[in-house]
Every structure is written in structure tokens, then in C-alpha cells.
Amino acid sequence: MHIDNFASGDSLLHRLDPRLKIVIAVLFSVIVAVADKSLCLATAVCFSLALLLIARLSLREVFLRLLVVNAFILFLWLFLPFTYGGEKLFSIGPLDATRDGIIYALQITVKSNTIVVALIALLATTPIITLGHALSHLYVPSKLIHLLFFTVRYLQVLHLEYDRLRAAMKIRAFRPGTNLHTYRSLSYLIGMLLIKSFDRADRIRKAMLCRGFHGEFYLLSHFKLQKIDVVMLLIMMLVVGGMASLQWIILK
Amino acid sequence: MDNSEVIIDLKGVSFVYHGNHSQRPVLDNLNLQISRGQRVGLIGPNGSGKTTLFHLLMGLLRPNQGEILVFGKKRQQEKDFREVREKIGLLFQDSDDQLFCPTVAEDVAFGPLNLGRTQDEALEITRQVLKRLGLEEFEDRLTYKLSGGEKRLISLATVLAMQPEVLVLDEPTTGLDEDTVERLIQILRSSDLTYLIASHNREFLSKTTDTVYRLAQGKLARAT
Ligand SMILES: Nc1ncnc2c1ncn2[C@@H]1O[C@H](COP(=O)(O)OP(=O)(O)O)[C@@H](O)[C@H]1O
Ligand SMILES: [Mg+2]
């Protein structure tokens with residue numbers, strides 16, 4: 001499982017109060033997503049690269065994550081330049097690529113990568129469980145947070161269950177191919193997984209009832225802002241605020 | 001065995017799983033009495049209905065026939081069983097069902113919090129119980145990253161944290177190594193709880209219990 005891969009470091013960003021990291025991450029992502037001024041985006045790129053350096057994450061790992069993101073963006077490059085109206089730049093066969101289309105695709109690429117890098121540096125450096133607690137202290141509805149907790153907790157169990165079923169198939173010499181037997185067996189696998197999850201959910205509910213559960217959840221951890229948190233919050237707010245004013249006030 | 005207060009009394013309990021009516025019942029007119037302080041073992045082949053019996057006792061399943069009396073009161077509805085669940089702690093056969101909170105401390109504190117303890121009290125109980133089981137260093141561990149045996153012990157901690165009067169353990173020794181089983185034996189013997197343990201481990205039962213029943217064909221009989 002790859003949950004929490006980045007969370008084990010000990011950098012400044014790892015130690016920062018997760019509540020303020022969430023706030024900054026949200027503000028930053030929203031601004032980057034709607035901004036279109038190059039200077040604003042350039043600031044954003046520098047900011048997220050700076051965060052990445054401060055977080056001291058393995059650049060190789062981050063790069064691998066970005067590859068996944070950019071695999072999706074590749075599809076945009078196949079369509080956007082040729083379907084967006086505007087001044088024609090060059091053509092491939094019957095297709096005309098436009099200047100505006102290319103700029104648009106470029107912007108989306110830069111924006112997505114910037115946001116993902118910032119999110120990795122800010123959020124992936126906190127264990128997902130701690131993030132959940134931080135979210136609840138930011139008044140996110142507790143139902144959503146418990147959904148998150150249960151998902152994290154049982155993703156692992158489901159994964160193991162899947163592995164067990166797969167192993168059970170393999171040791172009886174199952175080799176997937178393109179034939180009816182394969183499709184039937186794989187659909188059994190998925191069906192079993194669904195039924196097992198359903199049964200599991202029922203048993204968990206029973207176990208919770210046995211321990212006096214009556215619809216109320218309690219959180220044990222609390223956060224306290226340190227001086228360094230306040231300083232970092234101010235610095236990051238300045239940068240994010242600067243980006244916003246570049247976009248909407250200075251370059252208007 | 002003394003004649004002290006009977007705290008669990010099953011009278012003529014029969015049970016069939018839904019949609020299984022063609023089959024013979026899992027439990028068939030079964031009787032069981034347990035007095036305070038008694039330590040009872042339960043053996044029986046796989047599928048003989050041990051888990052089913054425990055779930056009936058906790059009110060997770062309802063009998064088709066018969067009566068369930070716990071602490072002298074007849075238990076029929078969900079609200080009758082709420083009190084039962086506060087006083088009887090059930091250790092589930094599969095720990096992954098029992099541990100659902102992200103961290104060990106939260107999972108152990110879940111029961112006490114439900115019983116109306118404050119956060120500080122719940123944490124205090126959690127620490128005590130973990131210490132008693134020699135699991136202090138697990139407090140901040142994530143439940144989904146524990147090994148099978150560790151999950152078993154933490155599950156036991158979550159049950160003990162509710163400070164029950166009766167323990168019901170469903171195959172507690174599966175997945176435990178010898179040393180841990182030995183530790184479990186010590187923990188059980190040093191407690192003054194009433195308990196009921198289903199297990200395939202005869203030696204374990206002979207060291208921890210004073211009466212052993214065998215469950216077969218839906219009925220209980222003294223095992224020798
Ligand atoms: N949810 C269920 N639905 C239908 N039948 C069940 C269910 N759970 C258990 N059974 C059946 O009831 C019988 C007793 O099961 P169980 O109480 O789990 O036995 P044990 O714990 O002694 O191994 C088995 O034959 C099993 O197939
Ligand atoms: Mg069982």
C-alpha cells in the first residue's frame with residue numbers, strides 16, 4: 001500500500017500544524033486553478049518548488065507521481081491544440097493547431113503539476129489519519145471524516161482479501177487470457193470481493209454495537225499552534241496573497 | 001462448582017439462519033447456565049455454532065425459540081441487550097472486524113467513551129489496560145499496520161477497557177505464538193472475571209477454565 005509514503009520524513013513541513021497546511025493548500029489550489037496571468041503562475045511554480053525543497057522528499061518518488069498525473073494531461077495535448085479556436089500555428093494533415101489552444105494546454109499542464117507538487121509537499125507530509133483529525137478541527141462534518149477513516153482502515157483489508165483470492169486462483173494454475181473462462185473467473189473474484197465487503201461491514205457494525213456504539217464518535221487528538229507554525233503561516237499567506245493580488249489587482 | 005448467582009441462563013434456545021430453513025437448526029433447544037465467577041470452555045467442530053451462540057448471547061442475532069436471561073433479566077429487544085453489551089465483553093473471531101479506529105489508543109478508548117467516560121478518563125483507562133497486557137508501546141500505532149497476533153491482543157485490550165463483568169472470547173488463541181498464549185493464560189487466571197471461551201486448543205482450555213462443554217448437533221454436553 002502506498003498510503004503515507006511521504007509522511008515519514010522530519011522536515012519543517014512534516015512538523016507544521018496540519019490545520020494550517022490544509023488551509024494553505026486549499027487557498028493555493030483554488031487561486032492557481034483560476035489564475036491565468038503568467039506572472040502569478042510563475043510565482044506559484046516557484047512557491048511549490050520551494051515547498052518541495054523544504055519538505056526534502058525523494059525527488060524520484062515525486063517525479064513518479066507526476067508521471068501519473070501527466071499521463072492524463074497527455075490526452076489534453078492530443079485534443080486541445082486542434083479543437084480550440086483562434087490563430088492557426090501549424091497543421092498536421094487536415095488538423096490545424098492554434099496558438100491559443102497550445103497556450104491553453106500549456107497552462108493546464110503547468111497548473112496541474114504545480115498544484116500536485118504543492119499538495120504532495122503540504123499534505124502528503126502528514127499521515128492521512130492526522131489529516132482527518134485536522135479536518136475535523138476545521139469543522140468538516142464528522143460523517144465525511146469517518147468515511148475517510150473507514151476507507152483508509154479497510155482499504156488495506158480489502159487489498160489483502162483481494163490478494164488472498166488472487167493467490168487462491170493462482171495456486172490452482174489460473175492464468176488470465178482473453179477467453180470466457182478468464183472473464184467468468186475474474187467476475188467471480190469481483191463478486192466475492194463485494195459480498196465479502198458487505199459481510200465485513202455487517203460484522204464491524206456488530207463489533208461496534210458490542211462496545212456500546214450509539215452513533216457518536218469521539219476524537220482523541222488535539223493540535224496546538226507553535227511559534228514556528230505562526231511564522232510559517234504568515235510567510236505562506238504572504239506568498240499566496242501576493243499571487244492573488246498579482247492576478248486580480250496589479251495586472252488587472 | 002458453587003451455587004452462586006446465575007448470570008447467564010439460556011433456556012431452550014433454537015436458531016436457524018435466514019433462508020436456511022430446509023437445513024437443521026444451528027442451535028437446537030440448547031440450555032446453558034453460567035454462574036458468577038465460573039470459567040467455562042466451549043469446544044466443538046468448525047461450523048458447530050460457537051460463534052452463533054455468542055452472537056445470540058450479545059443480542060446480535062435473535063433466537064427463533066427459547067429465552068435468554070442475563071443478570072436475572074429476560075432479554076428480548078435491542079434495548080435490553082444494550083445493558084448486556086456494557087457488562088459482557090465479546091472478543092470477535094476476526095480482529096479485523098473489531099479494530100476499526102485508525103490508531104490503537106483510539107480503538108481502545110472507543111468503548112469507554114461510549115460508556116460516557118470523559119476523554120481524560122478514557123485515555124487513562126486505555127493506558128492502564130495496555131500496560132496490563134504489556135502493550136504500552138502500541139498506543140500510537142496504526143491498527144491496520146499490526147500483525148495478526150498483535151491485532152488479537154489489542155482487540156482483547158479494547159474489550160477489557162470496557163471493564164466488563166463477563167468475558168466472552170471467540171477462539172482467542174488463533175494466530176498467537178506460544179509465549180503470547182502463555183501470557184494470555186496468565187492474564188485470564190489472574191483476573192476475577194467470569195468468562196466463556198470457545199477454542200480448539202484443549203491445553204489452553206484446561207489451564208484457564210473449570211468446566212468445558214462440547215457443542216455438537218446444536219446441543220451442549222459436558223466434555224470429558
Ligand atoms: N451469516 C450466516 N448465514 C447463514 N449461515 C451461517 C452464517 N453464519 C454461519 N452460518 C452457518 O451456521 C453454522 C455455525 O457457524 P458458526 O457459528 O460460525 O460456527 P463455529 O463458530 O462453531 O465455527 C455453520 O454451518 C455456518 O455455515
Ligand atoms: Mg466461530
Side-chain angles (χ1 to χ4, degrees), chain A residues 1-5 7-8 18 126-137 142 145-164 195-223, chain B residues 51 54-55 57-61 78-79 81-120 122-123 126 139-140 142-146 148 151 155 158-159 161-162 164 168 170:
Chain A
M1 296 300 286
H2 298 296
I3 297 177
D4 287 350
N5 259 4
S8 52
T126 301
I128 195 155
I129 299 312
T130 319
L131 273 187
H133 285 173
L135 282 171
S136 90
H137 287 281
S142 62
I145 291 166
H146 290 111
L147 216 54
L148 174 76
F149 283 170
F150 277 96
T151 309
V152 174
R153 171 68 181 83
Y154 288 101
L155 213 56
Q156 179 86 354
V157 174
L158 259 184
H159 195 83
L160 286 178
E161 221 135 57
Y162 170 80
D163 282 347
R164 269 202 293 273
I195 294 173
K196 284 186 162 209
S197 323
F198 187 78
D199 279 353
R200 164 93 53 194
D202 186 50
R203 292 198 304 269
I204 293 165
R205 191 185 71 90
K206 286 179 171 168
M208 288 169 76
L209 282 179
C210 280
R211 287 161 66 199
F213 179 67
H214 48 75
E216 196 72 41
F217 280 104
Y218 309 86
L219 291 176
L220 279 181
S221 50
H222 296 277
F223 303 102
Chain B
T51 301
F54 290 173
H55 285 202
L57 178 63
M58 301 298 285
L60 301 172
L61 297 169
E78 182 66 15
K79 90 173 166 356
F81 281 105
R82 249 173 242 156
E83 192 196 354
V84 172
R85 293 174 196 148
E86 287 176 12
K87 293 186 181 157
I88 302 184
L90 170 65
L91 181 75
F92 273 64
Q93 188 164 357
D94 184 347
S95 308
D96 271 322
D97 298 335
Q98 195 134 20
L99 301 176
F100 67 93
C101 292
T103 67
V104 167
E106 276 168 321
D107 220 305
V108 179
F110 177 75
L113 287 170
N114 286 332
L115 297 183
R117 303 304 180 110
T118 65
Q119 299 223 343
D120 289 338
L123 258 181
T126 302
E139 194 179 313
D140 292 320
L142 295 175
T143 48
Y144 66 90
K145 289 187 178 164
L146 299 174
K151 279 189 203 161
S155 300
T158 69
V159 174
M162 297 188 64
V168 178
D170 199 348

Exercise for the section: Under 4.5 Å heavy-atom distance to chain A, tell me which part of B/Leu99 shows up: side chain, backbone, both or neither. Expected result: both
Fill in the blank from the handout: Turns out that what part of B/Asp140 lies under 4.5 Å from chain A's heavy atoms comes down to neither
Problem - Straight-line distance of A/Arg203 CZ to B/Asp94 CG, nearest 0.5 Å - result: 6.0 Å
Exercise for the section: May I have the step-by-step check of side-chain contact (heavy atoms from CB on, under 4.5 Å) for A/Met208 and B/Asn114, ending in yes or no? Expected result: CA-CA 10 Å; A/Met208 288 169 76; B/Asn114 286 332; over 6 Å; no
Problem - Closest-packed option against chain B by number of heavy-atom pairs under 4.5 Å, given A/Gly212, A/Cys210, A/Ala201 - result: A/Cys210
Problem - Part of B/Leu90 within contact of chain A (heavy atom distance under 4.5 Å) - result: side chain
Handout entry: Interchain contact, B/Ser155 with chain A, by part (heavy-atom threshold 4.5 Å)
Key = neither
Fill in the blank from the handout: Honestly, the part of B/Leu91 sitting under 4.5 Å from a heavy atom of chain A is neither
Problem - Ionic contact status for A/Lys206 with B/Asp97, cut-off 4.0 Å - result: no
Problem - Nearest heavy atoms of B/Asp96 and A/Ile204, plus distance in Å - result: O-CG1, 4.5 Å
Problem - Choice from B/Arg85, B/Met162, B/Glu78, B/Gln98 maximising heavy atom contacts with chain A below 4.5 Å - result: B/Arg85
